[in-house]
Amino acid sequence: MLYNIRLHLHYDYERSAAGGRHHIRVMPQTMPGIQRVIASSLSFDPSAAERSEFTDFFANTVTSIAYRNPHETLDVTMTARVNVTRPPTMLDVSPDMAGLQKEIRSVRSIAADAPHHFLNSTDYAAIDPQITAYAAESLAQARTVMEVVNSLNHRIYKDFTYDGEATDVRTSARQAFDLKAGVCQDFSHVMIAGLRGLGIPAGYVSGFLRTIPAPGEERLEGADAMHAWVRAWCGREAGWQEFDPTNDMVAGNDHITIGYGRDYADVSPIVGILKTSGSQEGKQSVDVIPLEP
């Protein structure tokens, strides 16, 4: 599936910022067998005094920018044309839970995609007894790891309410679990924490999701949003598989990946420091427009 994507981030500062430095992670990735970036651009207003790019540990593209002059706003605009061709859903070749633990121990690598990085607590997705007990209910009828992950994916979709006002960007998995409400970031963190509690390596995926308007309604510009979903390591044969608990589905060609991490902190769109005082307000708009092949 071929897409044109446009992301706009806008920040207003209560008082003029005398300077700042930011790391930006918003560029889609080229990943063989999954997606190919045909063209892309990233611009800033005002223009940065310094700009450079690097690849972080998890192979995500990071743009580093710095400002030295006063500015009251910041606009980040990313455009890209991306072709997504995810392979069809594979047969379940994952082991049972006991077999998974043996396969994890047999992995003698600490590369970015090694399962060992995705088993322990992180700030947003800490292993928690109550979340683990909730996730363990998915073990009852499951014979394989993928069946466990699919079950938990479905149960979060069924048991949690999508509510953009219930949480914010700082909400942890346990806080969202107690509320049984939130957005894609929260559902993903709850699922990650639950899987890790069971001993299944799980990570966070940042990206975009094409939204389809209701029949007879026009698609609204800027109505799409950045999205998050989950990847789980399902054994040596099955490898990493991606699941979307917000929509009760396996990630497909409508899921466009920006990057991978252990939780939101590893792939947040923008992080940094400002030399200023007072508050700031941010807005986000996304357009994901499918194109004819």
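Start at 1 with the first residue, then count along the sequence. Atom set for the values below is all heavy atoms of this structure, side chains included, hydrogens, waters and symmetry mates excluded. Quick caveat: nothing in here was measured; it's all calculated off a predicted structure.
Rounding to the nearest 0.5 Å gives a distance of 7.0 Å between CG of Asp263 and CD1 of Ile192. Note that the CD1 atom of Ile24 and the CZ atom of Arg51 stand 9.5 Å from one another [nearest 0.5 Å]. Atom CD in Gln29 sits 8.5 Å away from atom CD1 in Ile258 (nearest 0.5 Å). Between the OG1 atom of Thr63 and the CD1 atom of Ile270 there is a distance of 10.5 Å, given to the nearest 0.5 Å. For the atom pair CG (Leu209) and NE2 (His255), the distance works out to 4.5 Å, reported to the nearest 0.5 Å. Tyr3 OH to Asp287 CG: the interatomic distance, rounded to the nearest 0.5 Å, is 14.0 Å.
In terms of modelled atom types and a separation under 3.5 Å, the side chain of Ser121 and the main chain of Ile127 share a donor-acceptor contact. The backbone N or O of Gln175 lies less than 3.5 Å from no partner atom in the side chain of Asp178, so there is not a single donor-acceptor pair. Proximity of a side-chain donor or acceptor of Glu53 to a complementary backbone N or O of Thr61 within less than 3.5 Å is not detected. Of the possible polar contacts, one joining the His117 side chain to the Ala111 backbone as a donor-acceptor pair under 3.5 Å is found. At least one donor-acceptor pair closer than 3.5 Å links the side chain of Gln241 to the backbone N or O of Ala238. Of the possible polar contacts, one joining the Arg196 side chain to the Phe118 backbone as a donor-acceptor pair under 3.5 Å is found. The backbone N or O of Asp168 sits less than 3.5 Å from a side-chain atom of Thr171, completing a donor-acceptor pair. Of the possible polar contacts, one joining the Asp128 side chain to the Gln130 backbone as a donor-acceptor pair under 3.5 Å is found. One N or O on the side chain of Arg86 and one on the backbone of Gly252 form a donor-acceptor pair closer than 3.5 Å. A donor-acceptor contact shorter than 3.5 Å is absent between the side chain of Ser268 and the backbone of Val271.
A 4.5 Å side-chain heavy-atom check between Ile38 and Leu2 finds at least one atom pair inside the cut-off. Looking only at side-chain heavy atoms (C-beta outward), Leu291 and Arg81 come within less than 4.5 Å of each other. In this structure the side chain of Leu9 reaches within 4.5 angstrom of the side chain of Pro269, judged on heavy atoms. A 4.5 Å side-chain heavy-atom check between Arg6 and Val286 finds every atom pair outside the cut-off. Residues Val82 and Arg36 form no side-chain contact, since every pair of their non-hydrogen atoms from C-beta on lies 4.5 Å or further apart. Between Leu42 and Thr77 there is no side-chain heavy-atom pair separated by less than 4.5 Å. Side-chain atoms of Asn150 and Val250, non-hydrogen and from C-beta on, do get closer than 4.5 Å to each other. Under the 4.5 Å side-chain criterion, counting only non-hydrogen atoms from C-beta, Lys283 is not in contact with Tyr11.
Here ring-ring contact (aromatic ring centres under 6.0 Å, His included) pairs that include residues 123-143, with residues two or more places apart or in two chains, are Tyr124-His189, Tyr124-Tyr264, Tyr134-Phe177. Listed by first and then second residue, the side-chain hydrogen bond (donor to acceptor under 3.5 Å, both in side chains) pairs involving residues 99-116 are Ser106-Arg236 (not counting sequence neighbours). The salt bridge (charged side-chain N to carboxylate O under 4.0 Å, His left out) analysis of residues 64-79, with sequence neighbours excluded, yields the pairs Glu50-Arg68. For residues 19-39, the ring-ring contact (aromatic ring centres under 6.0 Å, His included) pairs, not counting sequence neighbours, are His23-Phe54.
Every residue meeting the side-chain hydrogen bond (donor to acceptor under 3.5 Å, both in side chains) condition with Glu137, not counting sequence neighbours, appears here in chain and number order: Arg155. A search for salt bridge (charged side-chain N to carboxylate O under 4.0 Å, His left out) contacts involving Arg262 returns Asp266, not counting sequence neighbours. Contacts of Val267 classified as side-chain contact (heavy atoms from CB on, under 4.5 Å), with partners at least two apart in sequence or in another chain: Asn60, Tyr204, Ser206. Evaluation of the ring-ring contact (aromatic ring centres under 6.0 Å, His included) rule for His71 yields Tyr13, Tyr67 as partners, not counting sequence neighbours. For Asp96, there are no salt bridge (charged side-chain N to carboxylate O under 4.0 Å, His left out) partners, not counting sequence neighbours. With sequence neighbours excluded, the residues that form a side-chain contact (heavy atoms from CB on, under 4.5 Å) with Leu119 are Ile104, Pro201. Every side-chain contact (heavy atoms from CB on, under 4.5 Å) that Asp248 has, sequence neighbours left out, goes to Asn153, His154, Tyr157.
Of all the heavy atoms in Gly235 and Leu100, the pair that sits closest is N-CD1, 3.7 Å. Considering every non-hydrogen atom in both Ala173 and Ala193, the closest pair reads CB-CB, 4.1 Å. In plain terms, the two heavy atoms of Ala232 and Ile200 that are nearest each other are CB-CG2, 4.4 Å. Nearest heavy atoms, Pro115 versus Val107: CD-CG1, 3.9 Å. Contact detail for Val148 and Ser138: the closest heavy-atom pair is O-CB, 3.9 Å. Contact record, Gln284 with Leu7: CG-CD1, 4.0 Å, taken as the closest heavy-atom pair.
Counting heavy-atom neighbours within 6.0 Å of Asp123 CG, excluding the residue itself, gives a total of 12 or less. Counting non-hydrogen atoms of neighbouring residues, nucleotides and ligands closer than 6.0 angstrom, the CD atom of Glu14 exceeds 12 such neighbours. In Arg143, the CZ atom is not crowded: 12 or fewer heavy atoms of neighbouring residues, nucleotides or ligands sit closer than 6.0 Å. Heavy-atom contacts from other residues, nucleotides or ligands closer than 6.0 Å to NZ of Lys180 number more than 12.
Alongside Met31, the hydrophobic cluster contains Ile34, Val205, Trp229, Tyr260 (criterion: ILVMFWY side chains under 4.5 Å).
Side chain to side chain, Asp186 and Thr167 meet the donor-acceptor criterion of an N or O pair below 3.5 Å. For the 3.5 Å distance criterion, the side chains of Asp92 and Ser94 qualify, holding a donor opposite an acceptor. Thr257 and Arg231 form no side-chain donor-acceptor contact under 3.5 Å, judged by distance and modelled atom types alone.
Phe243 and Val93 fall into different hydrophobic clusters, defined by Ile, Leu, Val, Met, Phe, Trp and Tyr side-chain heavy atoms under 4.5 Å apart, directly or through other members. By the criterion of side-chain heavy atoms lying less than 4.5 angstrom apart, applied directly or through intervening Ile, Leu, Val, Met, Phe, Trp or Tyr residues, Leu179 is not grouped with Val183; the two fall into different hydrophobic clusters. By the criterion of side-chain heavy atoms lying less than 4.5 angstrom apart, applied directly or through intervening Ile, Leu, Val, Met, Phe, Trp or Tyr residues, Met249 is not grouped with Val190; the two fall into different hydrophobic clusters. Val169 and Phe208 fall into different hydrophobic clusters, where Ile, Leu, Val, Met, Phe, Trp and Tyr are joined by side-chain heavy atoms under 4.5 Å apart, directly or via other members. Residues Phe44 and Val26 fall within the same hydrophobic cluster, defined by Ile, Leu, Val, Met, Phe, Trp and Tyr side chains chained together at heavy-atom separations under 4.5 Å.
The residue from Asp244, Thr246, Thr211, Asp254 that alone fulfils the side-chain hydrogen bond (donor to acceptor under 3.5 Å, both in side chains) condition with His227 is Asp244.
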